[in-house]
> 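Below: one structure in structure tokens.
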Number of protein chains: 2
Amino acid sequence: MNKRNKDRLYADLKREILTLELEPGANLDETSLSAKYGISRTPLREVFRQLAGDGYIEIRDNRGTIVSPMNHKSMRDFFMTAPLVYASVSRLAAQNARSEQIRDLREVQANFRRAARSGSVEDLVFWNDRFHLAIGEIADNQYLMPSLRRLLIDHARIGQTFWRARNAEMRQRIETAADQHDRLIDAIEAGDEETAVALTLDHWALSRDHMEMFVRPDPLPIPSGFAAAEVE
Amino acid sequence: MNKRNKDRLYADLKREILTLELEPGANLDETSLSAKYGISRTPLREVFRQLAGDGYIEIRDNRGTIVSPMNHKSMRDFFMTAPLVYASVSRLAAQNARSEQIRDLREVQANFRRAARSGSVEDLVFWNDRFHLAIGEIADNQYLMPSLRRLLIDHARIGQTFWRARNAEMRQRIETAADQHDRLIDAIEAGDEETAVALTLDHWALSRDHMEMFVRPDPLPIPSGFAAAEVE
DNA sequence: AGAAAGTAGATTGTATACATATTGTAGATT
DNA sequence: AATCTACAATATGTATACAATCTACTTTCT
């Protein structure tokens with residue numbers, strides 16, 4: 001039953017990449033990984049190929065495999081593209097949702113709430129990802145899904161700090177995000193496209209404002225002696 | 001030097017799928033393909049995994065590999081999603097284009113014109129695909145690219161009949177499409193986003209009207225004796 | 001006769017050994 | 001001393017043999 005191990009490897013790598021346990025650009029060693037999971041390099045390499053197709057990793061000919069890197073440009077592209085795709089997906093979800101899908105979505109949201117109470121960053125990242133992926137599945141559009149999946153990978157990675165609540169204000173933000181999830185579910189269930197889109201953009205703005213703070217933090221105060229130095 | 005054969009297999013399968021030489025849903029046999037290309041099943045399966053990630057084929061556990069199928073729903077999704085993605089990509093291309101990219105794009109367009117003159121359907125499909133892919137590369141947005149790629153696969157397959165000019169009117173359509181390509185290049189080069197978007201939507205509408213005719217053709221005339229029969 | 005169960009053949013999935021390419025290091029050369 | 005080259009060590013890529021699974025057909029039982 002090595003299929004089990006192969007699936008576990010696939011799921012583990014995904015999770016470790018989303019939670020930054022594996023950093024962008026980190027090298028993935030075939031030999032040690034295959035030993036760790038008790039499978040040979042053949043199926044392991046197939047898992048790599050699949051993850052590369054999903055956008056999690058990059059396979060470079062004869063030069064090893066790395067976790068998909070992130071740089072300034074990818075941040076820019078991300079902030080530019082996410083609203084378009086997320087809003088479109090929410091609209092389609094509102095058009096298509098079936099009652100049992102809403103039930104599943106509420107289930108995911110319950111797990112998200114639990115993670116918020118327990119304060120586990122890893123769980124919050126995981127269930128937030130699942131929440132938005134579930135909406136994507138309700139939207140059920142094979143042409144938008146690839147971009148949504150790619151966006152969600154970096155959403156999880158960039159947004160990592162969002163969930164790491166260190167003070168009351170940040171805990172409040174998480175609470176707000178959770179409330180928006182609930183209202184989004186309601187709008188989707190009601191088939192109210194416009195509200196779903198508006199809520200999605202609000203939800204997005206909340207994340208973005210916070211994330212941008214970490215991407216482009218306020219500069220450190222400059223000691224008087226270095227006041228003329230150039231800062232990049 | 002079997003890397004050559006591996007690359008050839010990858011390129012050949014892509015082309016054969018885009019040109020419908022391999023029909024949607026067609027089965028891909030590992031043994032015969034690996035024999036045909038003189039490579040073993042191991043690298044062949046990696047090519048499969050990669051093509052699956054690109055959306056060309058589907059690998060089903062223990063049940064073989066098939067060319068990505070098309071059905072009524074995928075047509076619907078396609079017509080719904082393409083304008084959004086194509087327009088966004090054109091806008092980004094107009095924002096980012098660099099002169100040597102424009103040069104490459106004109107090169108592709110020249111090949112497209114040649115194919116139009118020669119009347120080779122296969123070449124028209126291929127170069128039209130390349131043209132829109134090149135615009136995607138100019139847009140240079142890793143989050144939109146996955147959806148654009150997926151759309152272009154089915155654009156080529158659905159639009160197959162568009163290029164099969166059987167009369168003067170259809171040849172005129174191809175001529176119009178080629179002119180739109182030229183004007184789109186000009187708009188992108190000039191950085192004129194709004195015109196690029198408008199031209200893209202026009203270009204799209206031209207294809208769509210034609211394609212829909214083949215997807216949902218005019219019903220056959222009903223013989224008088226069957227006038228009451230239900231037609232779906 | 002029809003349904004269920006078993007079996008042979010074909011196909012997909014995996015392990016291992018081997019081939020090829022890359023990287024780092026030591027020694028030679030200028 | 002710096003650079004180049006040769007070679008060893010390491011990692012990636014491929015072929016082949018074998019194992020597991022599925023499919024279709026035959027046999028058995030009711």
Side-chain angles (χ1 to χ4, degrees), chain A residues 1-17 21-71 142 153, chain B residues 1-17 21-71 142 153:
Chain A
M1 287 299 103
N2 275 349
K3 180 67 161 43
R4 271 269 164 46
N5 290 343
K6 195 178 172 182
D7 292 343
R8 215 181 79 231
L9 168 65
Y10 182 68
D12 280 3
L13 284 177
K14 271 184 162 177
R15 186 181 45 71
E16 288 168 14
I17 290 169
E21 196 172 324
L22 284 170
E23 290 181 19
N27 190 59
L28 296 172
D29 182 55
E30 294 185 357
T31 313
S32 61
L33 268 177
S34 65
K36 184 176 167 191
Y37 281 86
I39 59 177
S40 72
R41 282 178 48 232
T42 309
L44 179 126
R45 284 166 62 90
E46 295 204 342
V47 169
F48 274 14
R49 273 290 194 296
Q50 185 154 350
L51 286 169
D54 296 338
Y56 286 86
I57 65 180
E58 274 183 23
I59 300 173
R60 302 165 305 173
D61 282 3
N62 285 314
R63 318 182 103 232
T65 298
I66 58 171
V67 176
S68 289
M70 296 214 301
N71 49 43
Q142 62 179 310
I153 294 171
Chain B
M1 287 300 104
N2 275 349
K3 179 67 161 45
R4 272 269 162 50
N5 289 344
K6 194 178 171 183
D7 291 344
R8 216 182 78 230
L9 168 65
Y10 182 68
D12 281 2
L13 284 177
K14 270 184 163 177
R15 187 182 45 73
E16 287 167 14
I17 290 169
E21 196 172 324
L22 283 170
E23 289 181 20
N27 190 59
L28 296 172
D29 182 54
E30 295 185 357
T31 312
S32 62
L33 268 177
S34 63
K36 184 176 167 191
Y37 282 85
I39 58 178
S40 72
R41 282 176 51 231
T42 308
L44 179 126
R45 283 166 63 90
E46 295 204 344
V47 170
F48 275 14
R49 273 291 194 303
Q50 186 154 347
L51 286 169
D54 296 338
Y56 286 86
I57 64 180
E58 274 183 24
I59 300 173
R60 302 164 304 173
D61 284 2
N62 286 313
R63 319 183 101 232
T65 298
I66 58 170
V67 176
S68 289
M70 297 214 301
N71 49 43
Q142 62 179 310
I153 294 171

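FYI, side chains are in, hydrogens and waters are out, and symmetry mates aren't considered; it's all heavy atoms of this structure. Residue numbers start from 1 in every chain, and the chains themselves are labelled A, B, ... in the order their sequence lines are given, proteins ahead of strands.
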> Which nucleotide in the set D:dG13, C:dA15, C:dT12 lies at the smallest distance from any side-chain heavy atom of A:Arg45?
D:dG13

> Only pairs with both distances under 3.5 Å count, Watson-Crick or wobble alike; so what is the partner of D:dT23 in this structure?
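The answer is C:dA8, by the H-bond criterion.
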
> Return yes if the base of D:dT10 and the side-chain atoms of A:Thr31 contain a donor-acceptor N/O pair under 3.5 Å, otherwise no.
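Absent.
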
> Is there a donor on the side chain of A:Thr65 or the base of D:dT12 sitting less than 3.5 Å from an acceptor on the other?
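Answer is no: no donor-acceptor pair is held.
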
> The side chain of B:Ser40 is closest to which nucleotide in this list: C:dA21, C:dA15, D:dT14?
D:dT14

> The side chain of B:Thr42 is closest to which nucleotide in this list: C:dA15, D:dG13, C:dT12?
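Selected nucleotide: C:dA15.
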
> Between D:dG13 atom C1' and B:Leu44 atom CG, what is the distance in whole Å?
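So the two atoms are 14 Å apart, to the nearest Å.
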
> Once you round to the nearest 0.5 Å, how far does CG of A:Leu28 lie from CG of A:Leu44?
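A:Leu28 atom CG to A:Leu44 atom CG measures 9.0 Å (nearest 0.5 Å).
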
> Roughly how many Å is it from CD in A:Glu30 to C1' in C:dT14, rounded to a whole number?
15 Å

> Can you tell me how far the OH atom of A:Tyr56 sits from the CD1 atom of A:Ile153, to the nearest 0.5 Å?
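Separation between the atoms: 4.5 Å.
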
> Measuring from A:Thr65:OG1 to A:Leu51:CG, what's the distance to the nearest 0.5 Å?
10.0 Å

> Counting heavy atoms from C-beta on, name the nucleotide in C:dT12, C:dA21, C:dT14 closest to the side chain of A:Asn62.
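Looking only at heavy atoms from C-beta outward on A:Asn62, the closest nucleotide is C:dA21.
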
> In whole Å, I'd like the distance from the CG atom of A:Asn27 to the P atom of D:dA11.
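From A:Asn27 CG to D:dA11 P: 9 Å.
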
> Please pick, from D:dT12, C:dG13, C:dT23, the nucleotide with the shortest atom-to-atom distance to any side-chain atom of A:Arg63.
C:dT23

> Rounded off to whole Å, could you give me the CZ-to-C1' distance for the B:Arg49 and C:dT14 pair?
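Taking atom C1' of C:dT14 as the reference, CZ of B:Arg49 is at 12 Å.
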
> According to side-chain contact (heavy atoms from CB on, under 4.5 Å), who are the partners of A:Arg49, at least two apart in sequence or on a separate chain?
A:Ile59, B:Lys6, B:Glu46, B:Arg49, B:Gln50

> Just to confirm, is there a sub-4.0 Å distance from OP1 or OP2 of C:dG13 to any side-chain nitrogen or oxygen of A:Lys6?
no

> For the pair made of OH in B:Tyr37 and P in D:dA15, what is the distance, rounded to whole Å?
15 Å

> DNA chain C: A:Asp61 or A:Glu46, which has the more 5' nearest nucleotide?
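Between the two, 5'-proximity favours A:Glu46.
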
> Nearest-Å distance, CG (A:Asp29) to P (D:dG13)?
12 Å

> B:Leu9 has an atom CG; how far is it from atom P of D:dT14, in whole Å?
11 Å

> Under the salt bridge (Lys or Arg N to Asp or Glu O under 4.0 Å) rule, what pairs show up with a residue in residues 24-40 of chain A, not counting sequence neighbours?
A:Glu30-A:Arg41, A:Glu30-A:Arg45

> Provide, to the nearest angstrom, the distance between the CZ atom belonging to B:Arg41 and the C1' atom belonging to D:dA20.
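Those two atoms, CZ and C1', are 12 Å apart.
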
